[in-house]
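Report on the structure given below.
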Amino acid sequence: MLTRRRLLTVVLAVVGFALLSASEGLLGARWLRAAPSLPSKLTDQEFWTLTESLSEPNGSFRSDNFLSNERGYQLVIPDLVNTIKSGGVYLGVGPEQNFPYIVALKPTMAFIIDIRRGNLHEHLLYKALFEMSADRAEFLSRLFSRKRPAGLSTKSTLGELFAAYDALPASEDLYKENSQKVIDWLTKRHRFALSADDVKGVDYVYREAFFAAGPYLDYSRGGGAGGGNSPTYQELMLANDGTGLNRGFLASEANFTYLKSFESSNLLVPVVGNFGGPKAIRAVGQYVKDHGGTVVAFYLSNVEQYLSQDGIWPIFCASVASLPLDETSTYIYSGRGGPNARGGRFGGGGAFGVVGGRGLQTSTRPILSEVRNCPFRRS
């Protein structure tokens, strides 16, 4: 039988344990709330610091790559959206072909890694034009330096938009005015510390690609091989995912508005880096890991072809192995001849959505099962 004193001791012990448990629970909840997470928005300073700190020195490629030459890069999207959960991190390479994947997959953040600083310049140009434009018609007016035709609205179809701009000549006065507005937007509104070469680079992309070629810009401009086999900007924007649905960023006002908001929140971060280099992929992966994120998609285009030719594909594989991945993490890649024409080195199975016909064909394969066995893997 408990004495009154012993009973009081037991009661106090139980109450103390309960209070301690509650306190630990509260501390645990606070810890969970304070755990690092991917940002919903970056400040301008955070964006520019991240871009510069993750980047490697400027590299070179045989062409400017102003525009994709992959006619069917949308064809894999229906399967991607059924495989990959929204809210992860998207990695990619190159210019505009990343936008439909971002719109469809709705990642929390996106990092575009390219060996050329010129690709960073193009993404800064796109960023400014997205943010400066109220709708698709205004965006195309600025992009092609052509006066906005009367009668265009948010209800205009994409075909109607391109038909209207196709009928108009480019204006050098508009190009000069818009180019200065873009630079002012980046350096005065965002206060990005663009170098003199960066300013020239942004203007170079604007002048040589979009002002000079307009809707008929193709991969051959800027030194890319392909000639008449390359789709034009207009053709790529009017393409669909094989089911008849156009998932492009200009296909609807909703898609455009989503990407405009994503860019305005500084969530698409361009990075300069060689896929076979020592830093960029790993630095991006460390940032994602530090913020509790997962890389769910990595668009490679046909970069693996060049990594293999240069004997540095194993370094790339080891860098990808260091990324935070899960079982749904997916490579999106392209090549000639379909998923079995990769010379065996890039095997992994799971390819689907292959494009028939001319040019590069787009496929997918899981990442995690492949990088578990890649040579020179380092944690």
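These numbers were taken from a predicted model, which means no experiment stands behind them. Heavy-atom basis, side chains included; hydrogens, waters and symmetry copies ignored.
Salt bridge status for Arg117 with Asp198: present, with a side-chain N to carboxylate O gap under 4.0 Å. Ionic pairing of Glu56 and Arg116 is not present here: no N-O contact between side-chain nitrogen and carboxylate oxygen is shorter than 4.0 angstrom. In this structure, Glu327 does not pair ionically with Lys85, as no charged nitrogen and carboxylate oxygen lie closer than 4.0 Å.
The number of heavy-atom neighbours closer than 6.0 Å to CD of Gln45, taken from other residues, nucleotides and ligands shown, is 12 or below.
Between the side chains of Asp218 and Thr232, no donor-acceptor pair of N or O atoms lies under 3.5 Å. Thr243 and Asp241 share a side-chain donor-acceptor pair at under 3.5 Å. In the model, Thr328 has a side-chain atom that pairs as donor or acceptor with a side-chain atom of Asp326 under 3.5 Å. Side-chain contact check for Glu122 and Asn119: no donor-acceptor pair (N or O, by modelled atom type) lies under 3.5 Å. No side-chain donor from either of Gln97 and Ser301 sits under 3.5 Å from a side-chain acceptor of the other. No hydrogens or angles considered: nothing links the side chains of Asn274 and Lys279 as a donor-acceptor pair under 3.5 Å. Neither side chain, Arg282 nor Tyr287, offers a donor N or O lying under 3.5 Å from an acceptor on the other. Asn240 and Gln74 share no side-chain donor-acceptor pair at under 3.5 Å.
Ile183 and Leu174 fall into different hydrophobic clusters, where Ile, Leu, Val, Met, Phe, Trp and Tyr residues are linked whenever their side-chain heavy atoms come under 4.5 Å apart, directly or through other members.
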Handout entry: From CA spacing to verdict: ring-ring contact (aromatic ring centres under 6.0 Å, His included), Phe192, Phe47
Key = CA-CA 9 Å; Phe192 298 153; Phe47 172 90; 5.0 Å; yes
Handout entry: Chi angles and distances behind the ring-ring contact (aromatic ring centres under 6.0 Å, His included) call for Phe298, Tyr333
Key = CA-CA 8 Å; Phe298 196 162; Tyr333 68 99; over 10 Å; no
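A centroid separation of 6.0 Å or more is found between the aromatic rings of Tyr90 and Tyr299. Ring-centre distance between Phe210 and Tyr126: below the 6.0 Å cut-off. Between Phe99 and His123, the distance separating the two ring centers is shorter than 6.0 angstrom.
Relative to the six-membered ring of Phe139, Lys260 misses at least one condition, a distance below 6.0 Å or an angle of at most 45° to the axis.
Applying the ring-ring contact (aromatic ring centres under 6.0 Å, His included) test to Tyr206 and every residue at least two apart in sequence or in another chain returns Tyr175.
What you find for Gly248 and Pro100 is that their closest heavy atoms are CA-CG, 4.1 Å.
By the 30° and 60° cut-offs, the orientation of the rings of Phe162 relative to Phe144 is tilted.
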